Amino acid sequence: GGKGASIDDLLGDLNTSMEKMGVHTTAKGQCASCGKCIVGKVITALAGTWHPEHFVCCVCGVELKAFFERDGKPFCEADYQKLFSPRCAYCSGPILQNILTAMDRAWHPEHFFCTECGKVFGSEGFLENEGKPYCHEDFYRLFAPKCTGCGQPVKENYLSAVNGTWHP
């Protein structure tokens with residue numbers, strides 16, 4: 001190679017020189033990104049071979065050691081989570097481990113709690129009012145009609161009489 005020689009010419013010359021010295025270089029395929037032959041380290045992924053420096057996240061361009069795939073494209077973990085992970089209805093953060101689905105929304109399990117007291121729901125479940133979850137105790141205290149006789153929330157059957165609501 002002389003002045004202005006391309007990198008491909010230089011690599012070709014190097015390959016020829018190495019062959020003459022008895023060092024055999026074998027092409028390991030063509031890079032799916034640049035289309036050039038791969039002689040050194042190779043990454044085989046997504047039905048192709050790549051120069052390691054050319055196997056990058058399709059969003060941010062960082063070189064990938066591990067990757068997530070979507071629609072045949074490689075993503076780094078951060079961009080994949082940002083774009084495709086379900087979001088918690090409480091904190092809007094990506095849900096990476098356990099997911100709780102309630103009220104047609106996704107939640108981190110530790111973020112699904114009573115709107116009023118903050119207690120995480122146990123086996124008794126929750127009751128909903130205006131799109132917000134409440135424990136039974138707070139729901140009945142806040143929203144149930146109160147008995148005219150004793151002042152306690154009326155949870156199930158009740159009587160309406162004498163301008164009031166009553167436990168039966």
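Since the structure is predicted, the reported quantities are computational estimates derived from the model, not experimental observations. Just so it is clear, the values below take in all heavy atoms, side chains as well, and ignore hydrogens, waters and symmetry mates.
- For Cys60, the side chain to side chain contact (heavy atoms under 4.5 Å, CB included) partners are Cys57, Val62, Cys76, Asp79, not counting sequence neighbours.
- Side chain of Arg87 to backbone of Ser92: a donor-acceptor contact under 3.5 angstrom is found.
- Separation of atoms SG (Cys34) and NE2 (His54) is listed at 5.0 Å; rounding is to 0.5 Å.
- Relative orientation of the Tyr80 and Phe84 rings is tilted, given thresholds of 30° and 60° on the angle between their planes.
- The residues Glu116 and Lys132 are annotated as not salt-bridged, no charged nitrogen and carboxylate oxygen being separated by less than 4.0 angstrom.
- Across Lys36 and His51, no two heavy atoms sit closer than the pair O-CE1, 3.9 Å.
- Between Thr49 and Thr44, the closest heavy-atom pair is CG2-OG1, 3.9 Å.
- Aromatic ring centres of Phe113 and Tyr90: separated by under 6.0 Å.
- Listed for the Trp50 side chain is no donor-acceptor partner under 3.5 Å among the backbone atoms of Val42.
- Side-chain contact between Phe112 and Phe121: present, with at least one pair of heavy atoms (C-beta onward) separated by less than 4.5 Å.
- Within the 4.5 Å cutoff, the side chain of Pro133 has no heavy atoms near those of the Glu128 side chain.
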Full working for side-chain contact (heavy atoms from CB on, under 4.5 Å) between Met103 and Phe126
CA-CA 10 Å; Met103 303 180 350; Phe126 68 96; 3.6 Å; yes

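- Every residue meeting the side chain to side chain contact (heavy atoms under 4.5 Å, CB included) condition with Ser85, not counting sequence neighbours, appears here in chain and number order: Gln81, Pro94, Leu96.
- Relative to the six-membered ring of Phe75, Arg70 misses at least one condition, a distance below 6.0 Å or an angle of at most 45° to the axis.
- Side chain of Lys146 to main chain of Arg141: a donor-acceptor pair is present (N/O by atom type, distance under 3.5 Å, no hydrogens or angles).
- Under the ring-ring contact (aromatic ring centres under 6.0 Å, His included) criterion, Phe67 pairs with Phe55, not counting sequence neighbours.
- Contact detail for Pro52 and Glu63: the closest heavy-atom pair is O-CG, 3.3 Å.
- Shortest non-hydrogen contact noted between Pro109 and Asn98 is CD-O, 3.3 Å.
- Remark: side-chain polar atoms of Gln30 are paired, donor with acceptor, to backbone N or O of Gly35 under 3.5 angstrom.
- Taking both residues in full, the closest heavy atoms of Phe143 and Asn129 are given as CE2-ND2, 2.9 Å, listed atom of the first, atom of the second, then distance.
- Of all the heavy atoms in Pro86 and Ile99, the pair that sits closest is CG-CD1, 3.7 Å.
- Leu46 and Phe68 are members of different hydrophobic clusters when ILVMFWY side chains are connected at heavy-atom separations under 4.5 Å.
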Would Leu142 and Tyr134 count as a side-chain contact (heavy atoms from CB on, under 4.5 Å) if you check the C-alpha gap in whole Å, the side-chain angles of each, and the deciding distance to 0.1 Å?
CA-CA 10 Å; Leu142 294 167; Tyr134 293 87; 3.9 Å; yes

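- Using a distance-only test at 3.5 Å, with no hydrogens or angles considered, a donor-acceptor pair links the side chain of His136 to the main chain of Glu124.
- With a 4.5 Å cut-off on side-chain heavy atoms, Pro74 and Val56 do not count as touching.
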